[in-house]
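In what follows, every heavy atom counts, from backbone to side chain, and hydrogens, waters and symmetry copies are set aside. Residue numbering restarts at 1 for every chain, and letters A, B, ... go by the order of the sequence lines. Please read all numbers here as calculations on a predicted model, not as lab measurements.
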Amino acid sequence: MSSKKRTLDTFFTPTSTKKAKIEESQEPPSNHPTYPFPVPQLSQSILNGLELAPEVKGKVINDQPDLDLLYFQPYIPKDISLDLFRFLRQSLFFYKVQYTIKRGSVETNITTPRYTTVFGVDESSQFAPDGSLVDSATKRPIPKDRYKCRPRPLPQCLEALRMLTEASTGETYNFCLVNYYASGNDSISYHSDDERFLGANPAIASFSLGAKRDFLMKHKPPSKAGHLNTGDVPTLQAESKSLKLPLGSGDMILMRGPTQSNWLHSIPKRKGADAEKGRINITFRKAMVKAGTENYYTYNVGSGGVSKWDEAKGEVMPWK
DNA sequence: TTAAATAACACAG
DNA sequence: TCTGTGTTATTTA
């Protein structure tokens with residue numbers, strides 16, 4: 001029998017290289033019955049880097065009507081933001097959600113042009129230490145039929161980021177949505193995060209990791225903006241410019257106050273040099289009622305198969 | 001300088 | 001909130 005001993009030449013090549021290998025944590029991975037597979041904890045070097053976050057003080061952007069942003073450029077220290085990006089891309093499970101929409105009579109199949117995943121549960125419930133769901137008020141197990149979906153707790157790696165974000169924004173969050181844009185061809189078109197289950201003036205913290213992508217914002221048309229436009233007298237709409245923020249790795253933008261009810265945002269497709277590099281977007285938000293939980297698991301997990309980053313292929317692939 | 005090629009943008013369905 | 005298409009802006013030869 002040939003032994004598994006290393007040959008002479010491999011003995012003299014390093015077993016790990018600093019840049020290719022992602023440092024592993026000694027702590028046990030996060031797991032839960034709803035996870036397709038366990039999620040490793042953050043490495044000590046990333047945890048050390050996060051202690052320095054936010055890297056800079058947030059800059060307030062409120063010089064447009066109904067706009068209130070807090071922009072950290074960056075929030076995650078530059079020297080670990082790419083490590084964090086690679087860690088999350090490699091460690092999380094992702095979904096490519098498909099759904100159908102009806103436009104008048106025609107039904108169209110939509111494949112979302114990005115990968116998504118989601119963790120968290122709305123304010124009516126919470127996760128007990130053992131991972132089960134309990135009612136927030138009574139702390140008793142929730143009725144079996146409260147949710148059609150199966151809510152998942154945040155893994156430690158995202159929980160750490162959530163706590164940091166709460167501390168530096170003065171807000172609280174119970175949901176974490178993660179998007180992976182594989183290339184400049186992946187996108188999200190103009191929309192607002194103004195669902196009723198988020199409440200009136202939701203605060204949403206949005207992190208950008210990996211490739212730089214433009215984040216576009218424009219005011220909603222007057223007919224759809226969240227103003228009570230009741231009077232018969234035509235109101236003079238103050239002119240508002242569109243914004244283009246070049247979100248770099250580690251940047252965080254907090255959207256708060258009247259922003260969601262009055263502004264749209266998007267990540268448009270981009271061609272060219274940086275089109276080949278991936279970007280991860282992490283948002284923290286707070287869903288107030290159970291409808292939010294059902295919505296997020298429908299549109300960010302869906303019912304299709306699990307996908308996972310394939311390091312050899314260099315892309316997210318169907319898992320198993 | 002000009003014009004073709006490419007990318008961004010706006011809007012309809 | 002997607003895709004397609006026509007228009008406008010930018011880049012390049």
Asks: Under 4.0 Å between any heavy atoms, over every strand shown, what does A:Tyr299 touch: base, sugar-phosphate, or nothing? Just pick one.
Replies: nothing

Asks: With a 4.0 Å limit, can you tell me whether A:Arg114 has a side-chain N or O closer than that to the phosphate oxygens OP1/OP2 of C:dC2?
Replies: yes

Asks: With sequence neighbours excluded, tell me which residues meet side chain to side chain donor-acceptor pair (under 3.5 Å) with A:Asp68.
Replies: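 By the side chain to side chain donor-acceptor pair (under 3.5 Å) rule, A:Asp68 matches A:Arg256.
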
Asks: How does protein contact run along nucleotides 3-10 of chain B, one letter per nucleotide 5' to 3', with B for base contact, S for sugar-phosphate only, - for none, heavy atoms under 4.0 Å?
Replies: ----SSS-

Asks: Between A:Glu294 and A:Lys290, does any NZ, NE, NH1 or NH2 come within less than 4.0 Å of an OD or OE carboxylate oxygen?
Replies: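 Not counted as a salt bridge, because no side-chain N and carboxylate O are separated by less than 4.0 Å.
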
Asks: May I ask you to check if A:Lys308 and A:Phe37 form a cation-pi contact, with NZ or CZ under 6.0 angstrom from the six-membered ring centre and within 45° of the axis?
Replies: yes

Asks: Using a 4.0 Å cut-off on protein heavy atoms (strictly under), produce a 5'-to-3' string for nucleotides 8-13 of chain C with B for base contact, S for backbone-only sugar-phosphate contact, and - for none.
Replies: ------

Asks: Rounded off to whole Å, could you give me the CG-to-P distance for the A:Asp186 and C:dT3 pair?
Replies: 10 Å

Asks: Are A:Asn300 and A:Tyr115 close enough that a side-chain donor and a side-chain acceptor fall under 3.5 Å?
Replies: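 Absent: no donor and acceptor within the cut-off.
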
Asks: Pairs under 3.5 angstrom only: tabulate donor-acceptor contacts from the side chains of residues 126-136 of chain A to other protein residues two or more places apart or in another chain.
Replies:
{"unit_1": "A:Asp130", "atom_1": "OD1", "unit_2": "A:Ser132", "atom_2": "N", "d": "2.8"}
{"unit_1": "A:Asp130", "atom_1": "OD1", "unit_2": "A:Ser132", "atom_2": "OG", "d": "2.7"}
{"unit_1": "A:Asp135", "atom_1": "OD1", "unit_2": "A:Arg146", "atom_2": "NH1", "d": "3.2"}
{"unit_1": "A:Asp135", "atom_1": "OD1", "unit_2": "A:Arg146", "atom_2": "NH2", "d": "2.7"}
{"unit_1": "A:Asp135", "atom_1": "OD2", "unit_2": "A:Ala137", "atom_2": "N", "d": "2.8"}
{"unit_1": "A:Asp135", "atom_1": "OD2", "unit_2": "A:Thr138", "atom_2": "N", "d": "3.1"}
{"unit_1": "A:Ser136", "atom_1": "OG", "unit_2": "A:Glu123", "atom_2": "O", "d": "2.6"}
{"unit_1": "A:Ser136", "atom_1": "OG", "unit_2": "A:Ser124", "atom_2": "O", "d": "3.2"}
{"unit_1": "A:Ser136", "atom_1": "OG", "unit_2": "A:Ser125", "atom_2": "N", "d": "3.2"}
{"unit_1": "A:Ser136", "atom_1": "OG", "unit_2": "A:Ser125", "atom_2": "O", "d": "3.3"}

Asks: How would you list, by chain and number, every residue that makes a side chain to side chain donor-acceptor pair (under 3.5 Å) with A:Lys96, sequence neighbours excluded?
Replies: none

Asks: Figure out the CD/P separation between A:Gln98 and C:dT3, and round it to whole Å.
Replies: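 After rounding, the gap between these two atoms is 11 Å.
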
Asks: Which residues pass the side chain to side chain donor-acceptor pair (under 3.5 Å) test with A:Asp79, sequence neighbours left out?
Replies: none

Asks: Which atom pair, heavy atoms only, marks the closest approach of A:Val306 to A:Pro36?
Replies: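 So the two residues come closest at CG2-CG, 3.8 Å.
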
